[in-house]
Amino acid sequence: MLELPFNMTLSIPTLYFKSLPFAQNLEPEFLNGAIALVAVGLTAAYIYYRKNPKGCLDPKNFKEFKLVKKTQISPNAARFKFALPTPKSILGLPVGKNILVRGRDSQGEEVMRSYTPITLDSDIGYFELVVKMYPNGKMSHHFRQMKEGDNLAVKGPKGRFSYKPGQVRAFGMIAGGSGITPMFQIIRAILENPKDKTKVYLIYANVTVDDILLKEELDRFANTFPHRFHVYHVLNKPPNEWNGGVGYISKDMIESHCPAPAPDIQILRCGPPPMNKAIGTHLAALGYTSNMQFEF
């Protein structure tokens, strides 16, 4: 009986090994070595699967997850916490990917939209979405009507963007409104990994201060990691005392608050279509090639 990690034991069937054709002519010490190698292999496999548990997502079929907490964080946005099947389950969403969500609009018609959780697989047993609910939004209606205890149908992972630590020297991120969620996911993955030295420069546009999603978390990141993360807020309707940007994100703002064009940087953007189009024009004028850009 061999002792394994985590209070497990493994019984090696010596007699079975001796009965195998290849073991007939083995010396006892070689047979014992083979048994030891099997034990090591099984131990390694156990450790791997313990450290890399299977995720709960299915890329082909929708699965339902229960809403356990709904928190209003702004006049038209809320934070939704969904339970995974067990307290030790992980969602299984690679950094940079998103999920497809299915619901019903105000007319009862089926509707599907993509969302990026703000949680990572280091968050065990649950995942969270931050959703901005627009007055006439079809999926917004579904989330607005959701109550704790309701289920949400989810499928994934999906998406064109993948992230691996150190793939670029620095990211420039340009987000508007709920477009912050894919950025936040990547920011968390970078800053919570002490081995990842990637720097992040975020420009985040909203209408008013109350519209800034995850402001407390972003400000905490900026204070905790001042040499790795910078955030510049831009508002259409700023308060009287405001030291951020005013109006729309301009070419000058990008030049001042994003890394300069270079082969080892990338600019990510996510926001309303008119904003994405305008930002694309600014980036081209500043010399960022298509390889240096990605639009969620």
Side-chain angles (χ1 to χ4, degrees), residues 53-95 97-159 175 177-189 192 204 206-221 270 296:
K54 185 182 178 186
C56 299
L57 290 173
D58 187 328
K60 295 183 179 179
N61 302 296
F62 281 96
K63 298 176 70 175
E64 293 197 339
F65 300 94
K66 182 180 291 186
L67 176 64
V68 293
K69 190 173 183 180
K70 179 179 180 180
T71 307
Q72 202 73 25
I73 59 174
S74 79
N76 63 351
R79 190 165 180 155
F80 296 79
K81 182 177 182 179
F82 296 92
L84 297 177
T86 76
K88 295 183 179 180
S89 298
I90 64 167
L91 185 61
L93 185 70
V95 177
K97 301 299 183 185
N98 56 68
I99 56 177
L100 187 66
V101 169
R102 183 176 66 191
R104 299 279 176 183
D105 64 15
S106 59
Q107 305 301 314
E109 298 294 326
E110 184 177 276
V111 59
M112 290 182 283
R113 293 288 186 274
S114 295
Y115 291 89
T116 303
I118 61 168
T119 41
L120 304 173
D121 281 348
S122 56
D123 298 300
I124 309 298
Y126 71 96
F127 72 95
E128 289 185 308
L129 299 176
V130 167
V131 180
K132 197 163 218 179
M133 291 162 283
Y134 299 94
N136 299 317
K138 293 186 175 183
M139 197 70 207
S140 295
H141 172 82
H142 184 87
F143 277 107
R144 196 160 35 239
Q145 298 299 311
M146 283 197 79
K147 303 181 297 295
E148 292 178 2
D150 290 346
N151 289 327
L152 182 70
V154 174
K155 183 166 69 172
K158 60 184 293 292
S178 57
I180 189 62
T181 55
M183 309 301 182
F184 188 82
Q185 180 203 55
I186 298 168
I187 291 167
R188 268 199 65 187
E192 293 179 9
Y204 185 23
N206 285 282
V207 178
T208 69
V209 170
D210 289 339
D211 294 314
I212 302 175
L213 303 180
L214 302 167
K215 186 177 188 301
E216 182 178 338
E217 290 86 346
L218 293 170
D219 290 344
R220 184 173 67 249
F221 285 153
C270 185
F296 286 97

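Source: prediction; values computed, not measured.
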How far apart are the C-alpha atoms of L213 and Y204, what are their side-chain angles, what is the distance that settles it, and do they pass the side chain to side chain contact (heavy atoms under 4.5 Å, CB included) test? CA-CA 10 Å; L213 303 180; Y204 185 23; 3.5 Å; yes
Measure across S178 and Y134 and return the closest heavy-atom pair with its distance rounded to 0.1 Å.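 What the structure gives for the nearest pair is OG-OH, 3.8 Å.
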Which distance, rounded to the nearest 0.5 Å, do you find between the CD1 of I99 and the OG1 of T116?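 Reported value, rounded in 0.5 Å steps: 8.0 Å.
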Are K70 and D150 within salt-bridge range, i.e. N to O under 4.0 Å?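 No, no charged N to carboxylate O under 4.0 Å.
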Verify, without hydrogens or angle tests, whether E128 (side chain) and P117 (backbone) share a donor-acceptor contact under 3.5 angstrom.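 Looks like no, no N/O pair under 3.5 Å.
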Which atoms form the tightest heavy-atom contact between R188 and T119, and what is the distance?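 Between these two residues, the closest heavy atoms are NH1-CA, 3.6 Å.
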Do E217 and R79 meet the salt-bridge criterion of a basic N to acidic O distance under 4.0 Å?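 Yes.
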Minimal non-hydrogen separation, G103 against H142, with atom names: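 For G103 and H142, the tightest heavy-atom pair comes out as CA-ND1, 3.3 Å.
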For K66 against N151, the heavy-atom pair lying closest together: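 Result for this residue pair: CA-OD1, 3.2 Å.
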Please round to the nearest 0.5 Å and tell me the distance separating atom CG of L91 and atom CG of L57.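 Between L91 CG and L57 CG, I get 4.0 Å after rounding to 0.5 Å.
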Let me see the working for L152 and L129 under side chain to side chain contact (heavy atoms under 4.5 Å, CB included), right down to the final yes or no. CA-CA 11 Å; L152 182 70; L129 299 176; 4.1 Å; yes
Rounded at 0.5 Å granularity, tell me how far NE2 in H141 sits from CG in D105.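 Interatomic distance, H141 NE2 to D105 CG, rounded to 0.5 Å: 7.0 Å.
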Counting only N and O atoms by type, is there a donor-acceptor contact under 3.5 Å from the side chain of Y126 to the main-chain atoms of S89?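 Not a single qualifying donor-acceptor pair exists.
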Could you go through the side chain to side chain contact (heavy atoms under 4.5 Å, CB included) check for I180 and L218 one step at a time? CA-CA 10 Å; I180 189 62; L218 293 170; 4.2 Å; yes
Can you give me the closest heavy-atom contact between L67 and K147, atom names plus distance?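 Distance-wise, the nearest heavy atoms are CD2-O, 3.5 Å.
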Hey, mind stepping through E109 and K138 against side chain to side chain contact (heavy atoms under 4.5 Å, CB included) and telling me if it holds? CA-CA 9 Å; E109 298 294 326; K138 293 186 175 183; over 6 Å; no
Measure the spacing between CG of N136 and CE of M133 and express it to the nearest 0.5 Å.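 Atom-to-atom, N136:CG and M133:CE are 14.5 Å apart.
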Nearest-0.5 Å distance, CG of residue L214 to CD1 of residue I187: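 So the CG of L214 and the CD1 of I187 are separated by 9.5 Å.
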I'd like to know whether CD of Q72 has more than 12 heavy-atom contacts from other residues, nucleotides or ligands below 6.0 angstrom.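 Atom CD in Q72 is crowded, with more than 12 foreign heavy atoms closer than 6.0 Å.
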So with a 6.0 Å cut-off around NZ of K158, is the heavy-atom count from everything else above 12?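 More than 12 heavy atoms, drawn from other residues, nucleotides or ligands, come within 6.0 Å of this atom.
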Testing D211, V131, D210 for side chain to side chain contact (heavy atoms under 4.5 Å, CB included) with N76, which one passes?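 When side chain to side chain contact (heavy atoms under 4.5 Å, CB included) is applied between N76 and each of D211, V131, D210, only D211 qualifies.
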Which of these, F143, F127, Y115, sits in a ring pair (Phe, Tyr, Trp, His ring centres under 6.0 Å) with F80?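 Of all the options given, the one that passes is F143.
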What heavy-atom pair brings Q185 and P94 nearest, and what distance separates the two atoms?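 The answer is NE2-O, 4.0 Å.
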Other residues, nucleotides, ligands: >12 heavy atoms within 6.0 Å of K155 NZ: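 Above 12, so yes.
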Spatial distance of atom CG (N98) from atom CG (L93) [nearest 0.5 Å]: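 Those atoms lie 7.5 Å apart.
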